[in-house]
Amino acid sequence: MAALVAAGRGRRTLLLEKNQRPGLKILVSGGGRCNLTTTLAGSELEAQFGARAGRWLRHALRSFPPVALRQLVEDAGVPLREEDLQKIFPVSQKARDVLDALLRVAAAADVQLRHAAPLRALVREGQQFVATVPQGELHAASVVLATGGVSYPKTGATGDGYAFCRAFGHTITRTVPALAPLVVEVPWVQALQGIVLEAAELSVLDEHGKVVRSRRRPILFTHQGLSGPAPMDLSGDIEERPGGATLRFDFAPDVRAEQLEQQWLEQTRSHGRAAVASLLPRTLPERLRATLCALAGVAGTLAELGREQRRRLLLLVKDLRLPVAKSRGFDHAEVTRGGIALAEVDPRTMQSRLVPGLYVCGELLDVDGPIGGFNFQAAFATGRLAGLHA
Ligand SMILES: Cc1cc2nc3c(=O)[nH]c(=O)nc-3n(C[C@H](O)[C@H](O)[C@H](O)COP(=O)(O)OP(=O)(O)OC[C@H]3O[C@@H](n4cnc5c(N)ncnc54)[C@H](O)[C@@H]3O)c2cc1C
């Protein structure tokens, strides 16, 4: 994006890509379908990145909102459509179409693309930058670093940009994997592998039991722990905390605990001979209902259920807590949390505040969003600003 916008302004633009092919992350995105962006806009969109980064991104996102990104890709011949949770995908369901469209626009703007050309070193000499690639030295008036983070390193994102920026005096905030599946070595969790929960609420609690973030999105139980949108969205908050954090499940998020207990008491009076598991929300898969009863140590009929047992079951349904130490790490993370400190980059141009002529954009920055097309949106919007000013 940065290259095609810069070239579109008439700048002689060379795009260095270390892989044999550009845009591998676009190809693997959204399960090969590329969740390009979102229908959210304005402050709702900015809020997805958290208060601090959302404020910093405001200019980039308002000057190139999701509708503008959609327009660019559609004008390049790729029809898009909205799916669940405000997500935008190509109608063809092929990430390759998005990548090809961007490459077509870049070629039309006269971007020269050099692949298998990893940037090895970058220094400033007088008014120029000298970039070293295996093929030799290159000279440039301005440089845009768009080398990504360190997640999914097999796609080429190996953190090279951090080293270049650090050498220029930039601060790199702590990087942790985000949007990664969680490792939970608890037998009952692993025994539930294959189950998908649609209607539960998952929260990360801090050491004082305060909610850090909650998600009401699908949860997938796997042989390694938990995956799917809700656990992945929360993984960065767990990784950020030394030693991990506590996850809380609320399996009946639409009803308060007292109301639920009241309903259970009425059910017990009217259907005393029903099995205890019949108290649990019907939205929960059978195997999970059985597991919750086993964890609460309850069995038999409603009439046999004592007050203490009922309370134990209620606690598990509304407030089941699970310590989680880590995610599956950068190899499985869709995004890197942390990166180049935002205070050192001008949010209106993406120019480094320390090095004139150096621009930084995309995931390399200390910006990350949840699942839903937000990370591409931020990368493309910041890339465009860099391309407009470099
Ligand atoms: C499996 C997966 C699925 C995802 N799905 C989605 C999704 O559906 N929607 C969404 O919004 N986001 C998704 N993301 C996140 C999104 O892909 C990234 O946030 C986004 O690609 C970041 O863009 P970027 O240009 O900053 O970095 P990248 O896309 O990582 O691009 C960096 C490029 O720089 C190159 N490079 C690195 N170092 C050098 C060097 N020294 N010299 C030359 N080139 C170099 C790399 O090879 C790479 O091509 C997904 C991520 C993954 C891993």
Side-chain angles (χ1 to χ4, degrees), residues 1-4 14-38 40 45 48-49 60 66 69 83 85-90 93-95 98-99 102-103 113-122 131-135 138 143-165 177-181 227 229 232-233 236 328-337 339-340 350 359-384 386-387:
M1 180 62 76
L4 68 86
L14 176 66
L15 171 53
L16 299 175
E17 168 55 58
K18 93 170 165 193
N19 287 329
Q20 293 291 343
R21 295 188 301 162
L24 283 187
K25 233 173 219 180
I26 296 179
L27 292 183
V28 300
S29 70
R33 301 192 302 129
C34 185
N35 175 197
L36 178 69
T37 184
T38 172
L40 293 186
L45 171 61
Q48 302 295 322
F49 298 91
L69 174 59
E83 298 189 10
L85 302 169
Q86 297 99 21
K87 293 177 177 179
I88 298 294
F89 286 90
Q93 305 284 293
K94 288 194 190 117
V98 173
L99 175 58
L102 291 168
L103 292 175
L113 171 62
R114 193 176 294 177
H115 43 76
L119 180 65
R120 293 264 164 82
L122 183 67
T132 309
V133 291
Q135 298 84 349
L138 299 158
V143 169
V144 178
L145 287 173
T147 50
V150 269
S151 47
Y152 252 67
K154 58 187 172 204
T155 62
T158 48
D160 299 8
Y162 302 140
F164 300 134
C165 288
L179 306 189
S227 190
M232 288 174 73
D233 273 350
R328 293 189 64 201
F330 282 118
D331 281 352
H332 300 270
E334 291 195 0
V335 76
T336 302
R337 177 168 294 180
I340 310 302
M350 299 299 134
Y359 296 78
V360 184
C361 61
E363 206 180 306
L364 181 54
L365 293 162
D366 180 11
V367 159
D368 67 286
I371 289 174
F374 301 104
N375 290 299
F376 277 140
Q377 181 60 41
F380 286 127
T382 54
R384 174 181 163 275

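One-based numbering, in listed order, for ligands and for the atoms of each. Bear in mind the structure is a predicted one, so any value in this text is a computation, not a measurement.
When heavy-atom distances to ligand 1 are checked against a 4.0 Å cut-off, A379 comes that close only through its side chain, counted from C-beta outward. When heavy-atom distances to ligand 1 are checked against a 4.0 Å cut-off, T155 comes that close only through its backbone atoms N, CA, C and O. Counting heavy atoms closer than 4.0 Å to ligand 1, residue Y152 contributes side-chain atoms (C-beta onward) but none from N, CA, C or O. With a 4.0 Å heavy-atom cut-off, ligand 1 is reached by the backbone of L16 but not by any atom from C-beta on.
Checked by distance only, ligand 1 and D160 come closer than 3.5 Å through their nitrogen or oxygen atoms. Considering backbone and side-chain N/O of F164, none are found under 3.5 Å from N/O of ligand 1. Some N or O of N35 is nearer than 3.5 Å to an N or O of ligand 1, by distance alone. Residue V28 has no nitrogen or oxygen atom sitting less than 3.5 Å from a nitrogen or oxygen atom of ligand 1, judged on distance alone. An N or O contact shorter than 3.5 Å links N19 to ligand 1 by distance.
Rounding to the nearest 0.5 Å places CD1 of I371 at 5.0 Å from CG of L179. Taking CG of L69 as the start and CG of L36 as the end, the distance is 4.0 Å to the nearest 0.5 Å.
Inter-residue side-chain proximity for L138 and R114 is flagged as met; some heavy-atom pair is nearer than 4.5 Å. Counting heavy atoms from C-beta outward, R384 and M350 have side chains that stay 4.5 Å or more apart. Side-chain atoms of L102 and F380, non-hydrogen and from C-beta on, do get closer than 4.5 Å to each other. D331 places none of its side-chain heavy atoms less than 4.5 Å from the side chain of Y152. Residues S29 and N35 form no side-chain contact, since every pair of their non-hydrogen atoms from C-beta on lies 4.5 Å or further apart. You'll find the side chain of L119 reaches within 4.5 Å of the side chain of L145, heavy atoms only.
Closest heavy-atom approach to atom 47 (O) of ligand 1 within the set E17, K18, R21, H115: this belongs to E17. Looking at F89, F374, F330, F376, it is F376 that brings a heavy atom closest to atom 12 (N) of ligand 1. Nearest-heavy-atom check against atom 32 (C) of ligand 1 across G156, A131, P118, A146 picks out A146.
Among all non-hydrogen protein atoms, the one lying nearest atom 26 (O) of ligand 1 is E363 N, 2.8 Å. Nearest to atom 42 (N) of ligand 1 among the protein's heavy atoms is L119 N, 2.8 Å. Ranking protein heavy atoms by distance to atom 30 (O) of ligand 1, first place goes to K25 CD, 3.5 Å. Atom 27 (O) of ligand 1 has G148 CA, 3.3 Å as its closest protein atom, hydrogens excluded (heavy atom only). Considering only non-hydrogen protein atoms, atom 6 (C) of ligand 1 sits nearest to S29 CB, 3.6 Å. Protein heavy atom in closest approach to atom 8 (O) of ligand 1: G30 N, 3.0 Å. Scanning the protein heavy atoms around atom 15 (C) of ligand 1, the nearest turns out to be E334 O, 3.4 Å.
In summary, the atoms of ligand 1 found under 4.0 Å from a heavy atom of G362, numbered by their order in the structure, are 26 (O).
With respect to the salt-bridge test (charged N to carboxylate O, under 4.0 angstrom), the residues D160 and R120 do not qualify.
Taking a 4.0 Å cut-off on heavy atoms, G373 registers as neighbouring ligand 1.
In this model, no donor atom of one side chain and acceptor atom of the other lie less than 3.5 Å apart for T38 and Q48.
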If you apply the rule salt bridge (Lys or Arg N to Asp or Glu O under 4.0 Å), what do you find for E334 with K25, and how did you get there?
CA-CA 9 Å; E334 291 195 0; K25 233 173 219 180; over 6 Å; no
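T147 pairs by the side-chain hydrogen bond (donor to acceptor under 3.5 Å, both in side chains) definition with nothing, not counting sequence neighbours.
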